[in-house]
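Chain naming here is simple, since letters A, B, ... match the order of the sequence lines and numbering starts at 1 in each.
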There are 2 protein chains.
Amino acid sequence: MGNIHDIARLAGVSAATVSRVMNDYPYVSKEKRQAVLEAAEQLHYEKNINAVHLARGKTETIGVILPFVSHPYFGMILSGIAEAAEKRGYKLLIMQTNYNVIQEIEALNMLKLKQVDGLIVISRECPLELIEDYSGCGRIVLCEALAGSSLSSVFVNQYEAFQSTLSFLKEKGKTRIGYSVLRKEGKSSNARKKAYEQQFGKAPCHWVFDQALTVEDGTRIAGKWAALSDRPDSMIITNDFVAAGFLLECRRLGFSIPGDVSLIGFDNHPISAALSLSTVELPLQQLGTIAFEQVLSSKVSHKEVPFQLIERGSV
Amino acid sequence: MGNIHDIARLAGVSAATVSRVMNDYPYVSKEKRQAVLEAAEQLHYEKNINAVHLARGKTETIGVILPFVSHPYFGMILSGIAEAAEKRGYKLLIMQTNYNVIQEIEALNMLKLKQVDGLIVISRECPLELIEDYSGCGRIVLCEALAGSSLSSVFVNQYEAFQSTLSFLKEKGKTRIGYSVLRKEGKSSNARKKAYEQQFGKAPCHWVFDQALTVEDGTRIAGKWAALSDRPDSMIITNDFVAAGFLLECRRLGFSIPGDVSLIGFDNHPISAALSLSTVELPLQQLGTIAFEQVLSSKVSHKEVPFQLIERGSV
DNA sequence: GTAAAGTATGAAATGCGTTTCAGAACAAGC
DNA sequence: GCTTGTTCTGAAACGCATTTCATACTTTAC
């Protein structure tokens with residue numbers, strides 16, 4: 001298995017001409033093109049992509065930082081990214097971080113080392129400043145509200161989404177509204193806190209449950225909810241999986257939904273339809289696709305994707 | 001930002017010595033090591049990883065072929081792979097194929113082009129022979145029973161798992177057992193067909209539902225089940241998501257589980273616990289981890305991971 | 001004191017494709 | 001017939017780190 005020079009020798013042309021043929025460039029005579037193709041065939045030539053990456057200074061590969069690949073929330077975004085990447089002929093290097101900063105940094109370094117042309121951060125633990133330090137090394141897109149930053153972003157307006165969900169519940173006569181978040185000190189948590197304050201005044205909500213990501217978390221939180229003496233009459237839940245766990249555990253404990261507690265999830269994952277769970281639909285796949293388009297674009301942009309409240313039977 | 005030669009010049013040493021320092025090789029004097037590090041600092045040196053890949057002839061990257069990243073079944077396996085990869089300092093290049101052969105081939109070509117050192121095929125559409133053609137280009141591991149092949153494999157014994165689930169249902173007095181599969185002509189489908197024949201004789205099961213992967217599929221199949229005049233008294237379902245859709249739709253239609261139909265899912269995803277759904281636990285994450293160990297190993301192996309029936313309230 | 005073993009270092013080869021630049025060859029335009 | 005514009009082509013530079021080989025200098029070992 002030879003290289004480009006072996007082919008050149010065999011075909012009686014220069015390496016430059018071989019390169020032209022291999023990349024379908026014009027200005028190569030029919031005879032030489034033919035000779036090169038035959039020589040390549042004969043030598044079972046295969047391009048060494050690493051040499052191409054070195055010579056061209058780019059890899060047509062985008063890195064993706066995300067905490068968990070097995071959770072559908074992240075999976076859906078990743079899927080949107082993957083679909084767009086495929087269309088553009090790009091590869092995807094993924095980094096499952098478990099929200100571990102060390103691993104996030106390792107992923108950022110791929111950008112510095114030119115292993116990837118750009119980076120999409122689906123969710124992160126490390127401070128934004130750290131990421132900004134790498135902005136000179138390549139394009140970076142974050143999946144969170146970042147208006148004004150020098151990094152591109154695509155996001156759901158968490159504040160508005162939560163706000164309008166709160167309004168909806170209030171209209172339904174709910175006054176004691178609790179909610180869950182993934183991380184106590186996250187972007188999304190702050191947005192929720194603010195929206196809550198805006199609706200209910202300065203006193204912070206005292207029915208906030210954190211560490212809510214999976215079905216089990218929902219089950220656990222339902223137990224906590226049930227044990228409260230001043231139970232909230234409704235809960236806005238991180239995502240449909242947590243909501244599913246919550247809903248099913250409540251039922252198991254003998255409570256009725258929405259009789260004893262109203263529930264609203266997020267994402268509109270198919271499980272929510274099956275459970276007749278009201279939810280806020282988020283176009284996660286589309287969000288991923290947009291993120292990918294942004295990472296290829298030379299200009300910084302901030303794009304908001306819409307959300308939509310889907311009413312079912314849990315309120 | 002210079003390269004290794006600039007550093008060599010500035011530090012008054014050779015490029016070889018710089019390389020030695022950068023890779024923590026021994027046999028470099030304290031003074032020169034110091035001088036190199038200072039020069040590197042001064043020039044803001046960053047290794048060009050593509051040059052390393054070219055020079056070393058490998059990339060410390062493993063490719064992963066899977067049809068859908070957003071489904072937890074594949075996500076869990078991927079997560080196990082990712083965890084193992086992280087421990088060994090490897091990167092992961094993923095290829096979401098949608099079971100599209102063209103894309104599977106594209107992924108296989110990454111091996112040929114030396115873009116990845118090995119390949120893990122979580123699930124595939126293309127014929128095995130096609131994959132075997134690439135075995136000379138690097139290590140390949142498939143997540144399916146492949147005893148005797150020249151490619152490594154890690155798998156759940158689908159035949160036995162299905163067989164013992166059938167036995168279990170029979171012991172419970174079930175005689176009309178239906179089941180669902182993802183693809184009509186898949187490895188797993190054949191194993192199920194065989195196990196069924198073994199239990200019930202040559203006549204093929206006439207309650208087989210295919211295209212069963214998601215919650216919606218479960219909902220759809222429940223509808224079909226309900227519309228049958230000769231409904232089976234129990235169903236073994238592809239995975240817990242499909243089972244969840246099936247179970248919830250049955251309830252919605254006024255049937256009771258297990259009164260009207262017994263249900264057994266696969267995977268033991270948390271949703272099954274929340275639904276009190278009996279299921280066959282599969283150690284998917286572990287399977288992924290093993291696949292990764294195999295792809296790094298120089299010898300071909302075939303490893304079976306255990307399954308375990310978890311009894312809950314759906315039988 | 002001499003052989004053997006270990007430490008330290010650089011030149012040069014290696015991995016390989018891309019791209020620029022200069023020039024040649026030939027066709028078309030006036 | 002001469003200028004201008006196209007089409008072709010190859011030499012050489014470029015991207016960059018790794019690794020082998022030969023050599024020289026130190027230490028131990030006996």
For this session: Please check if any side-chain donor atom of A:Ser19 sits under 3.5 Å from a side-chain acceptor atom of A:Tyr25, or the reverse.
Result: no

For this session: Would you please say whether a donor-acceptor pair under 3.5 Å links the side chains of B:Glu38 and B:Gln34?
Result: yes

Which whole-number value in Å describes the distance from [X] [atom1] to [N] [atom2]?
X: B:Lys30; N: C:dT9; atom1: NZ; atom2: C1'; value: 18 Å
X: A:Leu54; N: C:dG15; atom1: CG; atom2: C1'; value: 9 Å
X: A:Asn48; N: C:dT14; atom1: CG; atom2: P; value: 16 Å
X: A:Leu43; N: C:dC16; atom1: CG; atom2: P; value: 13 Å

For this session: Would you mind checking if B:Glu125 and B:Arg183 are paired as a salt bridge, meaning a charged N to carboxylate O distance below 4.0 Å?
Result: yes

For this session: Give a yes or no on whether B:Lys58 atom NZ has more than 12 heavy-atom contacts from other residues, nucleotides or ligands under 6.0 Å away.
Result: no

For this session: Test A:Val116 against every option in A:Val295, A:Leu108, A:Leu93 by the side chain to side chain contact (heavy atoms under 4.5 Å, CB included) rule and name the one that passes.
Result: A:Leu93

Exercise. Do B:Ser153 side-chain atoms and B:Ala145 backbone N/O form a donor-acceptor pair below 3.5 Å?
Worked result: no

Exercise. Counting distance only, does the side-chain N/O of B:Asn3 pair as donor-acceptor with the main-chain N or O of B:Asp6 below 3.5 Å?
Worked result: yes

Seminar exercise, completed: At a 4.0 Å cut-off to heavy atoms of chain A, the contacted part of DNA chain D spans D:dT7 to D:dC16

Exercise. So what does A:Gly12 touch, heavy atoms closer than 4.0 Å: a base, only the sugar-phosphate, or nothing?
Worked result: sugar-phosphate

Problem set entry | Between the first and last five pairs of the helix from C:dG1-D:dC30 to C:dC30-D:dG1, the angle of the axes, rounded to 10 degrees | 30°

Problem set entry | Test item: B:Asp267 and B:Tyr73 side chains (from C-beta on) under 4.5 Å apart, heavy atoms | yes

Problem set entry | Any A:Cys126 side-chain heavy atom under 4.5 Å of A:Ile105 side chain | no

Exercise. From B:Ser14 OG over to B:Arg20 CZ, what is the distance, rounded to the nearest 0.5 angstrom?
Worked result: 6.0 Å

For this session: Going 5' to 3' through nucleotides 18-26 of chain C, assign each nucleotide B (protein heavy atom under 4.0 Å from a base atom), S (under 4.0 Å only from sugar-phosphate atoms) or - (no protein heavy atom that close).
Result: BBB------

Seminar exercise, completed: With A:Arg88 as partner, the option from A:Glu83, A:Glu293, A:Glu60 fulfilling salt bridge (charged side-chain N to carboxylate O under 4.0 Å, His left out) is A:Glu293

